[in-house]
Amino acid sequence: MEATKKGFDFKKFMSDNAMWFVLIILAIALTAVRPKFMTVGNLTTLISSESVKGIITCGVCWCILSAGIDLGPGAVAALSAVVSASLAQQADLPTRLISVHLPAVVCIIVAMIIGAIVGIICGWLVACTHIHPFIATLGSQLICRALAKMYSNKPVSNLDQSFRNFAVYKVAGVPMVVFIFLIVFIISWFMMTQCRFGKNIFAIGGNRQAARVAGINVEKNLILTYMWCGLLSGLAGAMLAARTGSADPSTNGLQYEFDAIAAATIGGTSQTGGICRMSGVLSGILILGIINNGLVLLGVNDNLTQVIKGLIIVVSVVVDMRKNAVRP
């Protein structure tokens, strides 16, 4: 009996790693249909574009873990992108949006501060006024997108190469934006598994009242959660501007929050809160990236792509609800 308990649990292993098997099957299937999928150039493009969305996902999954949601990251990324890009325009450019020119690192920090401020405001609204996260963050989405367009009514381009290097400079053939995503992922994983903050958010997402009784400062932790999501959205905005070489207030970050929600949900983050594994989130990011990339290679209409992604979100939530409904 004791040996059985300590033995390899195949069923649990398959359940915990199901999405990784799905990922492998998708990659094999796409390679068979479109051999171009497995080329170095295509894979580099895939991981670069998904790294920006992945940074956002590493923040959104915390909000979902706390039994909340954040609909603002795409718009926050757009606002952060245009502000950081305006500060990083070439110093000798006669058509600079503003006269101030800052070092690349400072431009990125400014973008993160903007995101963090928006996150703090959303977190305060959710935690202290008890507005539903959907409403609070939907408001932030509309406001931030409008502010981005007010700040610049046209794309901001001609960015300094030192700023662009934070995303496009390659180390061993891998763009820097990928390494930045990996750093963000590791930090998020460490906070979730090794820090008191992570344990507090698990408790709050599982049962907010029980967490409060246990002595957890619910309001403080919720504000920090949304601040973390906002900060990463700001970083993603700066990386998006650096990667593309410009920042468009109308299109930057458009619907990125939905990709982040989909990736987190596919990866097993429960919409009811209290359940999240960063390894699952990573698999969700890669699966959604492969789907996006594969549909482009297959020449699927963009509208149909949105239909497929919408179905993925709905099916993932239904599966999550059914799985948690039967949990003892």
Side-chain angles (χ1 to χ4, degrees), residues 12-30 37 43 46-71 73-74 133-134 137 178 181-182 184-185 188-189 192-193 201-202 205 229 232-233 236 253-298 300 302 304-327:
K12 184 176 185 303
F13 174 80
M14 291 298 294
S15 176
D16 290 345
N17 298 281
M19 288 300 102
W20 288 103
F21 291 110
V22 171
L23 176 69
I24 294 170
I25 292 170
L26 278 174
I28 293 173
L30 268 174
F37 171 77
L43 290 178
L46 189 157
I47 60 174
S48 296
S49 60
E50 293 308 312
S51 289
V52 175
K53 295 178 182 178
I55 291 170
I56 292 177
T57 306
C58 286
V60 169
C61 69
W62 281 83
C63 297
I64 300 174
L65 175 62
S66 71
I69 198 75
D70 194 342
L71 299 179
F134 181 94
T137 58
V178 178
F181 161 65
L182 290 175
V184 168
F185 176 82
S188 196
W189 169 83
M192 191 172 287
T193 60
I201 302 304
F202 272 104
C229 186
L232 293 187
S233 299
L254 198 61
Q255 298 185 345
Y256 275 28
E257 60 273 6
F258 299 120
D259 279 3
I261 293 169
T265 305
I266 291 169
T269 305
S270 175
Q271 292 293 323
T272 58
I275 300 173
C276 179
R277 292 171 65 240
M278 287 306 299
S279 60
V281 171
L282 179 60
S283 69
I285 293 168
L286 294 175
I287 287 172
L288 201 62
I290 288 176
I291 291 172
N292 285 331
N293 184 262
L295 292 175
V296 171
L297 291 178
L298 294 171
V300 175
D302 185 62
L304 183 56
T305 299
Q306 298 305 319
V307 170
I308 293 172
K309 286 161 67 174
L311 288 173
I312 289 172
I313 294 176
V314 172
V315 171
S316 298
V317 172
V318 170
V319 171
D320 168 67
M321 291 177 67
R322 289 178 63 85
K323 181 173 67 176
N324 291 319
V326 299
R327 201 195 324 161

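Sequential numbering from 1 along the given sequence is applied to the chain's residues.
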(request) Looking only at non-hydrogen atoms, find the nearest pair between L71 and P73 and report the distance. (result) C-CD, 3.4 Å

(message) Rounded to the nearest 0.5 Å, what separates atom CD1 in I275 from atom CZ in F202?
(response) 9.0 Å

(request) Determine which pairs satisfy salt bridge (charged side-chain N to carboxylate O under 4.0 Å, His left out) with at least one residue from residues 55-64, sequence neighbours left out, and list them in order. (result) none

(message) Please find the pair of heavy atoms, one from M278 and one from F185, that lie closest to each other, and give the distance.
(response) O-CE1, 3.1 Å

(request) Apply side chain to side chain contact (heavy atoms under 4.5 Å, CB included) to S283 and list each qualifying residue two or more places apart in sequence or on a separate chain. (result) M19, W20

(request) Kindly write out the residues that satisfy side chain to side chain contact (heavy atoms under 4.5 Å, CB included) with V296, not counting sequence neighbours, or none if the list is empty. (result) none

(message) According to side-chain hydrogen bond (donor to acceptor under 3.5 Å, both in side chains), who are the partners of E50, at least two apart in sequence or on a separate chain?
(response) none

(request) Measure across I55 and F181 and return the closest heavy-atom pair with its distance rounded to 0.1 Å. (result) N-CD1, 3.7 Å

(request) To the nearest 0.5 Å, tell me how far L254 CG sits from D259 CG. (result) 10.0 Å

(request) Check I261 against I69 and note the closest heavy-atom contact, atom names and distance. (result) CD1-CD1, 3.7 Å

(request) Examine distances only and state if a side-chain atom of E257 and a backbone atom of G74 form a donor-acceptor pair shorter than 3.5 Å. (result) yes

(request) For T269 and C61, work out which heavy atoms get closest and say how close. (result) CG2-O, 3.9 Å

(request) List for me each residue that meets side-chain hydrogen bond (donor to acceptor under 3.5 Å, both in side chains) alongside N293, sequence neighbours excluded, and say none if there are none. (result) N42

(request) Take I64 and C276, measure what side-chain contact (heavy atoms from CB on, under 4.5 Å) needs, and give me the verdict at the end. (result) CA-CA 9 Å; I64 300 174; C276 179; over 6 Å; no

(request) Check side-chain hydrogen bond (donor to acceptor under 3.5 Å, both in side chains) between S279 and all other residues, then give those that pass, not counting sequence neighbours. (result) R277

(request) Measure the spacing between CG of L286 and CD1 of I266 and express it to the nearest 0.5 Å. (result) 11.0 Å

(request) Name all pairs fulfilling the salt bridge (charged side-chain N to carboxylate O under 4.0 Å, His left out) condition that reach into residues 280-297, sequence neighbours left out, sorted by first residue then second. (result) none

(request) Could you tell me which non-hydrogen atom of I56 sits nearest to which non-hydrogen atom of A236, and how far apart they are? (result) CG1-CB, 3.5 Å

(request) Applying side chain to side chain contact (heavy atoms under 4.5 Å, CB included), name anything that partners L26, two or more places apart in sequence or on another chain. (result) V22, I287, I290, I291

(message) Suppose the criterion is side-chain hydrogen bond (donor to acceptor under 3.5 Å, both in side chains): which pairs have a residue in residues 55-70, not counting sequence neighbours?
(response) W62-S188

(request) Can you measure from NZ (K53) to CG (N292) and round to the nearest 0.5 angstrom? (result) 4.5 Å

(request) Identify, with sequence neighbours excluded, every residue that meets side chain to side chain contact (heavy atoms under 4.5 Å, CB included) alongside L298. (result) L30, V33, R34, V300

(request) For the pair Y256 and V52, evaluate side-chain contact (heavy atoms from CB on, under 4.5 Å) and give the outcome as yes or no after the intermediate values. (result) CA-CA 9 Å; Y256 275 28; V52 175; 4.0 Å; yes

